[in-house]
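Data block below; observations after.
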There are 2 protein chains.
Amino acid sequence: MSQIRKPPTMADIARVTGVSPMTVSRAFKTDSLISKETRDAILKAAEDLGYVFDATASNLRSQKTDFVAVTIPSINNANFADTVGGLSETLSARNMQILLGYTNYDMQEEERLIEQLLRRKPEAIVVTGGKHTARARKLLENAPIPVIETWDVPAEPIGHFVGFSNAGVVREMVDHLVRSDYSRIAFIGGDVGRDTRGSDRRQGFLEAMRQHGLDTSRLIAAGPPPISMREGANAMARLLEQFPDTEAVICVSDLSAFGALTECQRRGLRVPEDISIGGFGDYEIGSICVPTLTTIDAHARDIGRKTGSLLLDILDGKQNVGDVLIEPQLIVRESTR
Amino acid sequence: MSQIRKPPTMADIARVTGVSPMTVSRAFKTDSLISKETRDAILKAAEDLGYVFDATASNLRSQKTDFVAVTIPSINNANFADTVGGLSETLSARNMQILLGYTNYDMQEEERLIEQLLRRKPEAIVVTGGKHTARARKLLENAPIPVIETWDVPAEPIGHFVGFSNAGVVREMVDHLVRSDYSRIAFIGGDVGRDTRGSDRRQGFLEAMRQHGLDTSRLIAAGPPPISMREGANAMARLLEQFPDTEAVICVSDLSAFGALTECQRRGLRVPEDISIGGFGDYEIGSICVPTLTTIDAHARDIGRKTGSLLLDILDGKQNVGDVLIEPQLIVRESTR
DNA sequence: TAGTTGGATGGTATCGATAACAAAGGCGTT
DNA sequence: AACGCCTTTGTTATCGATACCATCCAACTA
């Protein structure tokens, strides 16, 4: 029986309730001044009519969307997921919604994505990483909203940033291994040039090794990022063939580190007795696998939370809001001696 | 020097270019009829002015958002991430954007989320699971857009569904184990009542065991979903204490299965010689850990892709679009004999 | 040559909510 | 009683793009 009819609008509710559309509008804002009886009557009528608030109209008129645009390299990465989780947690207090996009570790794709996202008129934009195409950078600079770069310390920040030095964390790992008397240390990472954070970590490895006067030739490029467990295992196989005397390996993430670990297990190599392994990211797997993995905790969720409160401060017009330097933490476990 | 000025609109471009706003609008649609010269001039002027298309205005007037709303239990789950990836892949061909929300495995939260998402006027909504609060169900039924339920076979579908029987997959796993002469089989899952898919899997376990006339008391509730690796390990520890003679364990996911596996390794139990382990979801870890995990591949990415093409068919007004029954596949690996 | 077709462009009204301003009524104060 | 103040509600115009319809002109047909 029911006809195809247009969904009800605030005007319909106003008619039914006998008030003006403006009053209906007020009934849906929590803070606005309206008598309790009127509001109740309006909300009841809305429920009866099956009214659904139209955010598109509200967005246009009020020039507010309550969107925060976020780009991350991949949806399927516990670290970035944690960051988004922390951000979401903080923003939901303000009823803001995250508009999420995936760059697939590709700066061209990031550029497209940023353009797409800005069209939706977000209140702010959060991007992962501090390197972008020239056009993406221009888009962000010209955007009339706060811009926050995360998971990096940008050479030239566009707006604010919440991050850490990716080269620095690997330097720290190298220093730790050297202190533990390792010298034939290898690095398993992604292909250079795609994942900028991965490249930075590789760079940090090279710098630290040179500083210690150690051989920097033990470098395995495991393919385009993200490096999977499987790719980590394959890379470990190649490493062991090319450099059988390697004492320790630093992997670009815990996932590739775990893959590398399993490759050792299949070959009957003992970790850490025969070879040591370090990862990055403090993924759950590193804390539970046998042996557990030495890693670096980048405080992914904290990055999200701090980005969120930084954002809220900026949107509230607070002065003197600064950048946030995250301090990743080395966690020594069983995979290194 | 630069003043705080309002971002340019199509009217500004029209003024600069000497055409009507309507023509400017046409220049931004790929299919519309407009001469090449005019379009080029408009796009150039837009670039010069730093114009950013305003989707909120477009959405309101055209009553189209190119949004597809999607709810998943958690962002940090490779299975759901794959489904979203497959969906995204399919929809991006139509330039549609996914509006993602997380229910945190909570039907109340799902209800709130659905209401939030519908306000954004998506073209369609995809929800994970076939069970919802009464109000959420009503919201979905009344929504003037296609509704697709995934990862389940709903008792009463709201619109269409793309999924499989969660009870069925575990029955299959039990049958396989029984065929391999196991009889003291346990199940490690989440608390009942929160995660409906997890509960369904538990139910499938009970049914299958009864059918085979086997003892159904070996049930470990590992806490509220999602069950982490750590919780899987803890559950395994409890299982071994309560039922030391258990021959095989089915875990609600590969992650908990891996956790259980590590617990066995820590206790010096051999898998599968002393105890066998089965998981669910065909996560990467199951294919690379030592020993590799017997699991069930639910074709997560395929669910996303098929949801996407089903959606496009519906939006194109195709008749006779049917539901999609996914056939999960048992993958026997080293963790069962 | 007149008539027709179709590509390109313009004019106007509109999507639905709400910002900005106005006003009505109740209450207390002097 | 007169005044001001606060609470509650109403009126009007508007956010920016575009659906819809009208118009113009070149090219082509009969």
Side-chain angles (χ1 to χ4, degrees), chain A residues 5-43 45-46 49-67 95 116 118-123 144-145, chain B residues 5-43 45-46 49-67 95 116 118-123 144-145:
Chain A
R5 59 171 163 248
K6 276 175 50 179
T9 68
M10 283 193 181
D12 296 316
I13 300 177
R15 211 167 301 122
V16 170
T17 323
V19 298
S20 74
M22 192 61 236
T23 303
V24 177
S25 171
R26 279 191 268 256
F28 285 95
K29 313 248 120 205
T30 47
D31 57 331
S32 64
L33 10 189
I34 182 174
S35 76
K36 185 164 179 347
E37 304 87 63
T38 316
R39 162 171 284 142
D40 289 348
I42 288 170
L43 293 183
L49 291 176
Y51 172 74
V52 177
F53 183 92
D54 189 332
T56 64
S58 173
N59 289 346
L60 176 59
R61 174 65 246 232
S62 64
Q63 299 287 57
K64 279 192 57 201
T65 57
D66 289 340
F67 273 139
N95 257 328
Q116 281 290 321
L118 288 178
R119 291 172 157 223
R120 303 281 182 186
K121 305 289 167 185
E123 315 276 330
I145 52 173
Chain B
R5 56 170 166 248
K6 278 175 47 181
T9 68
M10 284 194 181
D12 296 317
I13 300 178
R15 210 166 303 121
V16 169
T17 325
V19 298
S20 75
M22 194 59 237
T23 302
V24 176
S25 171
R26 278 192 269 257
F28 285 95
K29 314 249 118 204
T30 47
D31 57 331
S32 62
L33 16 187
I34 182 175
S35 76
K36 186 162 178 349
E37 303 87 62
T38 315
R39 162 169 287 141
D40 289 348
I42 289 170
L43 294 184
L49 292 176
Y51 171 74
V52 177
F53 184 91
D54 189 330
T56 64
S58 173
N59 290 346
L60 175 60
R61 174 65 245 233
S62 65
Q63 300 287 54
K64 278 191 58 199
T65 58
D66 288 341
F67 272 139
N95 258 328
Q116 280 291 320
L118 289 177
R119 291 172 156 223
R120 302 279 182 186
K121 305 292 168 184
E123 315 277 330
I145 51 172

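Naming convention: chains lettered A, B, ... in sequence-line order (proteins, then strands); numbering from 1 in each chain.
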Find the distance B/Ile34:CD1 to C/dG7:C1' and express it as a whole number of Å.
12 Å
At under 4.0 Å between heavy atoms, what does B/Val24 touch on the DNA or RNA strands: base, sugar-phosphate, or nothing?
nothing
Distance check needed: C/dA17 P versus B/Arg120 CZ, whole Å only.
14 Å
Heavy-atom pair with the smallest gap, counting every atom of B/Ile42 and B/Ala27
CG2-CB, 3.6 Å
Provide the closest heavy-atom pair for B/Asp12 versus B/Pro7 in the form atom of the first, atom of the second, distance.
OD2-O, 4.3 Å
Grab the CZ-P distance between B/Arg39 and C/dT9 for me, whole Å please.
10 Å
As an exercise, state the distance from CZ of A/Phe28 to CZ of B/Arg119, rounded to the nearest 0.5 Å.
7.5 Å
Quickly work out the A/Arg26 CZ to C/dG16 P distance and round it to whole Å.
21 Å
What contact category does B/Phe28 fall into here, base, sugar-phosphate, or nothing, at under 4.0 angstrom with non-hydrogen atoms?
nothing
Nearest-neighbour nucleotide for the A/Ser25 side chain, D/dT8, C/dT9, C/dT18 considered
C/dT18
Gap between atom CE of B/Met10 and atom OG1 of B/Thr23 - 0.5 Å precision:
11.0 Å
Side-chain N,O (B/Tyr51) to OP1/OP2 (D/dA17) below 4.0 Å:
yes
Under 4.0 Å between a side-chain N/O of B/Ser20 and OP1 or OP2 of C/dG11, yes or no?
no
Taking all non-hydrogen atoms of both residues into account, name the closest pair between A/Arg39 and A/Arg26 and its distance.
NH2-O, 3.4 Å
Find the distance B/Met22:CE to D/dT23:C1' and express it as a whole number of Å.
15 Å
For the residue pair B/Leu118 and B/Pro122, what are the closest heavy atoms and their distance?
O-CD, 3.7 Å
Heavy-atom closest pair, residues B/Ile13 and B/Ala45:
CG2-CB, 4.1 Å
Euclidean distance, atom CD1 of residue A/Ile42 to atom P of D/dT8 [Å, nearest integer]:
13 Å
Counting any heavy atom closer than 4.0 Å, what does A/Thr56 reach on the DNA or RNA strands: base, sugar-phosphate only, or nothing?
nothing
Polar atom pairs between nucleotides 13-15 of chain C and protein, under 3.5 Å, N or O only, would you list them?
unit_1: C/dT14; atom_1: O2; unit_2: B/Arg61; atom_2: NH1; d: 2.8
unit_1: C/dC15; atom_1: O3'; unit_2: B/Gln63; atom_2: NE2; d: 3.0
unit_1: C/dC15; atom_1: O2; unit_2: B/Arg61; atom_2: N; d: 3.2

Minimum heavy-atom separation for A/Asn95 to B/Gln116, with atom names?
OD1-NE2, 4.4 Å
Rounded to the nearest 0.5 angstrom, the CD1-CE distance for B/Ile34 and B/Met22 is 9.5 Å
Taking OP1 and OP2 of D/dT7, is either one under 4.0 Å from a side-chain nitrogen or oxygen of A/Ser35?
no
A/Thr38 side chain N/O closer than 4.0 Å to the phosphate oxygens (OP1, OP2) of D/dT8?
no
Let me know the distance between NZ of B/Lys121 and P of C/dG16, rounded to the nearest Å.
9 Å
Between NZ on residue B/Lys121 and CG on residue B/Leu60, distance to nearest 0.5 Å:
10.5 Å
Of all of residues 8-16 of chain B, which get a heavy atom below 4.0 angstrom from DNA chain D, listed by number?
B/Thr9, B/Met10
Protein-nucleotide distance (A/Leu33, atom CG; D/dG10, atom P), rounded to Å
13 Å
Taking only N and O in the side chain of B/Thr23, is any of them less than 4.0 Å away from OP1 or OP2 of C/dA8?
no
